[in-house]
2 protein chains.
Amino acid sequence: MAEQRQERADAARNRRAILRAAEALLAEHGPDHVSVERVAAAAGVGKGTVFHRFGNRMGLMRALMEERANALHEAVASGPPPLGPGAPPETRLIAFLEAVVDLTTRNVGLMAANEHAIATQRHSTESRHTSPVYVFWHGHVAGLIAEARPELDAELLGHIVLGSLHTELVMGLLRRGEPERLAVCLRDLATRLLGPSPCPHAG
Amino acid sequence: MAEQRQERADAARNRRAILRAAEALLAEHGPDHVSVERVAAAAGVGKGTVFHRFGNRMGLMRALMEERANALHEAVASGPPPLGPGAPPETRLIAFLEAVVDLTTRNVGLMAANEHAIATQRHSTESRHTSPVYVFWHGHVAGLIAEARPELDAELLGHIVLGSLHTELVMGLLRRGEPERLAVCLRDLATRLLGPSPCPHAG
DNA sequence: TACGAACTTGACCGACGGTCCACTTTATGG
DNA sequence: CCATAAAGTGGACCGTCGGTCAAGTTCGTA
């Protein structure tokens with residue numbers, strides 16, 4: 001048991017170089033033009049090194065995602081309200097959705113590459129829903145929905161709400177210069193979902 | 001102008017053979033195991049023929065999608081209520097969502113292959129949102145939402161609602177033997193969205 | 001029947017994700 | 001400080017895929 005071997009210094013240096021290179025390439029090219037080999041070249045390493053570090057293309061993207069999502073993760077888990085614990089579920093949900101839309105919007109390239117990686121992998125044991133980052137997001141959203149409205153299918157609604165972060169939709173909005181719309185729309189949606197029930201049996 | 005040349009008889013025969021072969025392969029293998037070449041082989045046709053007919057992998061999938069979605073399309077456009085015209089928007093929306101969930105559920109393989117085709121294409125000028133089938137579905141949903149609740153962002157909500165048909169979610173539910181959940185959840189969602197407003201400015 | 005247009009074909013191409021193993025570098029403990 | 005084993009590295013190599021193309025074939029028609 002006890003502590004397993006530390007990552008060697010040169011390995012850590014290369015890991016950082018690879019992540020930075022991938023970051024840079026994704027910032028200026030579409031995900032389908034950022035092959036693992038190009039990332040390796042840009043990082044000044046061999047292709048084999050990248051696979052040794054990250055397992056496969058998905059592993060690389062996942063590592064990048066975790067890096068980017070880290071701040072939000074901590075803010076949600078132990079930061080001040082309304083993002084962190086303490087505020088009522090509806091408030092927290094709205095705050096989280098705004099934050100996660102913002103995060104996604106600022107990292108469309110990465111998100112696209114992540115979806116691309118999932119879609120192109122040969123043996124599809126992994127999916128978007130098994131990515132740690134997504135699992136955390138979904139757990140949080142579903143938890144808040146369940147807390148506020150136990151009678152709803154919180155798990156499913158969580159997936160649906162987070163589905164609005166799919167690259168295609170986000171990129172479309174960005175291209176049309178309307179990055180605000182999604183957050184607004186989701187705020188409305190959350191309000192209607194968690195807000196006071198509209199006298200359900202009126203009809 | 002005037003009518004362009006008819007498709008030749010042998011070409012039409014091959015087109016059908018290809019579609020049937022693709023259908024059969026998709027019914028029993030994951031989309032990533034159904035390459036264009038395999039479809040061609042199964043149809044007893046050269047690979048080039050498939051590309052000549054359908055342009056690229058996406059074209060093939062799109063043709064299959066249109067075939068499958070045709071009945072629903074007509075039912076919505078000119079069939080009897082509640083699917084067709086005549087019923088109030090909320091009723092029509094719920095009926096349409098149920099039908100489209102059912103259609104998707106019964107064709108997960110095709111849907112998966114379609115998403116796969118979109119994700120793996122090199123020059124991403126095409127997207128899910130530009131597929132004729134999706135455009136029709138979205139137009140219908142967004143139209144109904146707008147009709148019932150003009151103050152909402154119907155276009156965006158349409159995309160979000162239809163986003164719940166993504167393969168990953170649907171397949172997950174099917175694997176867990178809960179194919180009904182999605183339709184139920186969407187019915188709830190539609191009801192809450194289009195139902196009586198919960199006194200929006202209560203806070 | 002003859003002719004041009006439509007169609008078919010499969011070898012070929014470039015790119016990709018991923019593997020493999022001979023080689024180099026690092027940390028460690030005597 | 002050096003010997004040694006474990007960790008890390010690199011890039012040639014593999015199989016597969018979507019897509020192209022030029023040469024050959026078949027069909028509809030005048």
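Chain letters run A, B, ... following the sequence lines, proteins first, then strands; residues in each count from 1.
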Between C1' of C/dT26 and CG of A/N14, the distance in whole Å: 13 Å
Under the side-chain hydrogen bond (donor to acceptor under 3.5 Å, both in side chains) test, residues paired with B/R187 that sit two or more places apart: none
Nearest-nucleotide comparison on DNA chain D, the residue closer to the 5′ end among B/T120 and A/V45: A/V45
Sugar-phosphate only, base, or nothing, as touched by A/A40 at under 4.0 Å among non-hydrogen atoms: nothing
Donor-acceptor contact below 3.5 Å, side chain A/E66 vs main chain A/V133: no
Shorter than 3.5 Å, N or O on both sides, protein versus nucleotides 19-22 of chain D: list them out with atom names.
from   : atom 1 : to    : atom 2 : distance (Å)
D/dG19 : OP2    : B/R57 : N      : 2.7
D/dG19 : N7     : B/K47 : NZ     : 3.3
D/dG19 : O6     : B/K47 : NZ     : 2.4

Short side-chain N/O contact from A/T49 to OP1 or OP2 of D/dG8, under 4.0 Å: no
By side-chain hydrogen bond (donor to acceptor under 3.5 Å, both in side chains) - contacts of B/D102 (at least two apart): B/R106
B/R62 CZ - D/dG18 P separation (whole Å): 17 Å
Separation of C/dT25 P from A/R13 CZ (nearest whole Å): 12 Å
Interatomic distance where CD belongs to A/E7 and C1' belongs to C/dA27 [whole Å]: 14 Å
Phosphate-side-chain proximity, A/R53 and D/dG8, N/O vs OP1/OP2 below 4.0 Å: yes
Distance, rounded to the nearest Å, where B/R15 contributes CZ and D/dC27 contributes C1': 17 Å
Separation of atom CG in A/D10 from atom P in C/dA27, rounded to whole Å: 7 Å
Whole-Å gap separating C1' (D/dG24) and NE2 (B/H52): 14 Å
Sequence-distant partners of B/T49, side-chain contact (heavy atoms from CB on, under 4.5 Å), two or more places apart: B/N14, B/I18, B/V45
Side-chain donor/acceptor of B/R8 to base of C/dA6, under 3.5 Å: yes
Donor-acceptor side-chain pairing of A/H138 and A/H129 below 3.5 angstrom: no
side-chain hydrogen bond (donor to acceptor under 3.5 Å, both in side chains) partners of B/H140, counting only residues at least two apart: none
Nearest-Å distance for atom pair CZ/C1', residues B/R38 and D/dG15: 15 Å
Set of side-chain hydrogen bond (donor to acceptor under 3.5 Å, both in side chains) partners for A/D188, sequence neighbours left out: none
